[in-house]
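Count residues from 1 along the sequence.
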Amino acid sequence: MKQLRHICQLCLALLLLSCTASQYVIEKNPRKDNPVDEIAWLKEKTKGLKNTACQITLFEKEGKCYYSFYRPTPGAFDKNTTVVYDQEGEICLTFGGLMPPQRRAAVNAFFKNAQNKGVIWECKAREKKGE
């Protein structure tokens, strides 16, 4: 009987140790019509990003919506990536870090008349206590 009790205590201790909180926290723009809640492909993409730093910004250009996914790579400024998706979830533009002049021109042309509507979803590292 004592063995069973010790085994149960050990299992409970292991369970409690494995239930640590995620090191990332999700923040969404609180507006009622947040596209992350309304668009299936966008909601599906965010599911896979809950354990990595990422930021989704909404842009409008020529009456269409675009979603910019920015994923920083810690300690490597030349490896940060941004992928811009159109309303249907198709990739329109991919860029990041050190870009050749042609790519930089394409990025500048895309964002020239695009209106930044703000960050609609963000996953960022949870602040450690004492910082």
| Would a hydrophobic clustering, with Ile, Leu, Val, Met, Phe, Trp and Tyr connected at side-chain separations under 4.5 Å, put I91 with Y70? |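 Hydrophobic grouping puts I91 apart from Y70.
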| task | Spell out, as yes or no, whether a donor-acceptor pair under 3.5 Å connects the side chain of T46 to the backbone of K43. | result |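 Looks like yes, one N/O pair under 3.5 Å.
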| task | Identify the heavy atoms of T52 and C123 that sit nearest to each other, and give their distance. | result |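 So the two residues come closest at O-SG, 3.2 Å.
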Taking only residues two or more places apart in sequence or in another chain, which ones pass side-chain contact (heavy atoms from CB on, under 4.5 Å) with [X]?
{"X": "R103", "result": "L93, F95, M99, P100, V107"}
{"X": "C92", "result": "Y66, D86"}
{"X": "P101", "result": "none"}

To the nearest 0.5 Å, what is the distance between [atom1] ([X]) and [atom2] ([Y])?
{"X": "Q55", "Y": "I120", "atom1": "CD", "atom2": "CD1", "value": "10.5 Å"}
{"X": "K117", "Y": "K61", "atom1": "NZ", "atom2": "NZ", "value": "14.5 Å"}
{"X": "F69", "Y": "T57", "atom1": "CZ", "atom2": "OG1", "value": "10.0 Å"}

| Is any side-chain heavy atom of W121 less than 4.5 Å from a side-chain heavy atom of C54? |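 Of all side-chain heavy-atom pairs linking C54 with W121, at least one is under 4.5 Å.
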| said: Could you check whether any side-chain heavy atom of C65 comes within less than 4.5 Å of a side-chain heavy atom of L58, counting everything from C-beta outward? | reply: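 A side-chain contact exists here, since the closest heavy-atom pair is under 4.5 Å.
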| said: My understanding is that only residues two or more places apart in sequence, or in another chain, count here; which of them pass side chain to side chain donor-acceptor pair (under 3.5 Å) with Y85? | reply: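 Checked Y85 against side chain to side chain donor-acceptor pair (under 3.5 Å); zero matches.
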| said: Once ring-ring contact (aromatic ring centres under 6.0 Å, His included) is applied, what residue pairs with a partner in residues 46-65 remain, sequence neighbours excluded? | reply: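 Non-adjacent pairs meeting ring-ring contact (aromatic ring centres under 6.0 Å, His included): F59-F111.
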| task | Let me see the working for L49 and R71 under side chain to side chain contact (heavy atoms under 4.5 Å, CB included), right down to the final yes or no. | result | CA-CA 10 Å; L49 298 172; R71 294 182 69 184; 4.0 Å; yes
| Listed partners of E88 passing salt bridge (Lys or Arg N to Asp or Glu O under 4.0 Å), at least two apart |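 Applying salt bridge (Lys or Arg N to Asp or Glu O under 4.0 Å) to E88 gives none.
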